[in-house]
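Every value quoted in this text rests on a predicted model; they were computed, and no experiment measured them.
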Amino acid sequence: MRMRTMFMRSPVLTLSLLILAGCVTSGPEYEAPRFDLKATYSPQVPQIADHKPDQTRWWESTSDPVLSQLISEGIKSNIDLKIAASRIAEARAVARGVRGDNGPRVTASGGSSAERQWSTREDGNYQDDFGANAGLNLSWTADLWGGQAREGQVAEADILQQVYLREDVYRTVIADIIRNYITLRGTQQRQILLRNSLDLQRQTRDIVDLRAQSGLASDLDLSRARAEVADIEATLPILQTSIDRSINAIAILTGAQPGTYRDVLSRADALPEFDSAPPIGVPADLLRRRPDVRAAELGLISATAEIGVQTADLYPELTLQGSLSMAATGFGTGPIVRTALAAISAVIDATLYDGGVRKANITVAEERAHQAFYQYRQTLLAAISDVESAIFGYVGAVSQRDSLILAVAHHRQAFEQSRVRYTQGLSNFLDVLDAQRTLTKSEQDLADAQTSLELETINLYSAVGLDAEEVDKMAETTNRDSLPFDPFFVSPTADAARNTPNASASATHNVAG
């Protein structure tokens, strides 16, 4: 049940309420949570060769022109990036709608009328009467309790959140392009090695064939040699399928039709290298580097402001209304009458009883703020976990690669020795077959390890994140909307991100009031 009161003779009360509109803000003020985090990562941060730290665009330091072009195309045409940009535009439109809905509203009206009156006398005389009217109506609801201001904060926080989510799409799109490219080149290297092994196995088969014709080798040895050739030949189509899939995946990431880059990417090339890497730093640095962490905090800011929106609904509303109308009648055979009317009024609208709906809405908003807080913390912990896992993966991949380099050298030496001994009749063919099979597997394992090392490096780069300012500059250079922030809402994210989090994570009370 709502009660509405109109008054025109209480200017002091009206003025007092309007003054309150600039002094009261409902709901809790946002306070950036502080988390009790360790100052360093669990694993020791590795030194990646002679790479220089670069917190901007580390992917541009590659000397691979094909990869550079693919990344550039992905930034311009990736579908997910276009969707993210559209979501920012949508959030901005919502914010404009909120500002317009909370501002003054002016409406206009107009009309006309026509009337004919007949006389009851025998002569049947009649009289015409035409008229017209027009008017303006003004309505404005004062923000007495700061609910409208909180609505604006919610809308602006949603804009910033979408901006950071777009930056996170940049991070994942670039990393996915590079990962698929590395997988492609690694598979092509495996294919080259396997073809070399196939040539070597065919040479061995020919040797066994000649020895069998001379009676120096059995048919069993020849069958085994032929079977080994067939086994290697059967593996090559599997690798080619993997290559084709990687090429198609890269095309999709760049917003192109599958097969677009087949001619360019089908030519085998070495794995790409990068001359710089972003600094890993300490866990607290992720608060200002990872865009998904920033987006999670903006979600918390938005949820906190929403509490104020719902709290303001507990109190009465003051609406100022005004109207101006003009009318003229009597056009025709009667006298012309012109009228003008102006009116102004103030209306207080208060809810006396709603069955607890408004308080329930406040509770809903508070619980959503609690959820946003935990989501923020979870996102931060996940970011730290990504970096730590990437460090472990990188260190393990380096160790595996170094060991396999030695293993391949030893297996190659063993194969050459076994083949020489076989041609000299000092060993059986099983020794040659086993040595060659082991060498082939070891070479494939080394190629996989080198690819894994490159992938773990990219995982580490991606986990650290992208610099927000550099991402916006990149958007400008590619003729995309850089989406600058609206000036009337200042997020505390930037300042909060620079504070090293070292206090307890008990800020939920501050967040949710």
- [ ] List for me each residue that meets side chain to side chain donor-acceptor pair (under 3.5 Å) alongside Arg401, sequence neighbours excluded, and say none if there are none.
- [x] none
Open item on the list: If I take atom CD from residue Glu306 and atom CG from residue Asn361, how far apart are they, to the nearest 0.5 angstrom?
Closed with: 9.0 Å
Task: Cationic N near anionic O, under 4.0 Å, Glu90 to Arg96 - done: no
Open item on the list: Keeping Ser462 on the side-chain end and Asn459 on the backbone end, is there a donor-acceptor pair under 3.5 Å?
Closed with: no
Open item on the list: Closer than 3.5 angstrom, by distance alone: can the side chain of Asp80 be matched with the main-chain N or O of Ala84 as a donor-acceptor pair?
Closed with: no
Task: N/O donor-acceptor pair under 3.5 Å between Ser399 side chain and Val395 backbone - done: no
Open item on the list: Is it the case that the side chain of Thr260 and the backbone of Ala256 share a donor-acceptor pair, with hydrogens and angles ignored and the cut-off at 3.5 Å?
Closed with: no
- [ ] Please report the closest heavy-atom contact between Thr62 and Pro272, naming both atoms and the distance.
- [x] OG1-CB, 4.0 Å
- [ ] Could you list the residues that satisfy side chain to side chain donor-acceptor pair (under 3.5 Å) with Asp101, not counting sequence neighbours?
- [x] Arg105
TODO: Return yes if some donor-acceptor pair links the side-chain N/O of Thr187 with the main-chain N/O of Ile243 below 3.5 Å, else return no.
DONE: no
Open item on the list: Does this structure show an ion pair linking Asp354 with Lys359, if we count only N-O contacts that are shorter than 4.0 Å?
Closed with: no
Open item on the list: Determine whether a donor-acceptor pair (N or O, by modelled atom type, separation under 3.5 Å) exists between the side chain of Asn137 and the backbone of Ser323.
Closed with: no
TODO: Just jot down the side chain to side chain donor-acceptor pair (under 3.5 Å) partners of Gln400, sequence neighbours excluded, or say none.
DONE: none
Open item on the list: For Glu156, is there an ion pair with Arg99 - N to carboxylate O distance below 4.0 angstrom?
Closed with: yes
Open item on the list: Once rounded to the nearest 0.5 Å, what's the spacing between atom OG1 of Thr363 and atom CZ of Arg368?
Closed with: 11.5 Å
TODO: Please collect all salt bridge (charged side-chain N to carboxylate O under 4.0 Å, His left out) contacts where either partner lies in residues 449-460, sequence neighbours excluded, each pair once.
DONE: none
TODO: Check ring pair (Phe, Tyr, Trp, His ring centres under 6.0 Å) between Tyr376 and all other residues, then give those that pass, not counting sequence neighbours.
DONE: Phe35
Open item on the list: Determine whether a donor-acceptor pair (N or O, by modelled atom type, separation under 3.5 Å) exists between the side chain of Ser389 and the backbone of Asp386.
Closed with: no
Open item on the list: Can you list everything that forms a side chain to side chain donor-acceptor pair (under 3.5 Å) with Ser302? Sequence neighbours excluded, please.
Closed with: Asp158
TODO: Output yes when a side-chain donor or acceptor of Ser246 lies under 3.5 Å from a complementary backbone atom of Ser242, and no otherwise.
DONE: yes
TODO: May I ask you to decide if Ala447's main-chain N or O and Thr451's side chain share a donor-acceptor pair within less than 3.5 Å?
DONE: yes
Open item on the list: Under a plain distance cut-off of 3.5 Å, with no hydrogens placed, do Ser42 and Glu388 share a side-chain donor-acceptor pair?
Closed with: yes
Task: Gln189 (side chain) donor-acceptor with Asp269 (main chain) under 3.5 angstrom - done: yes
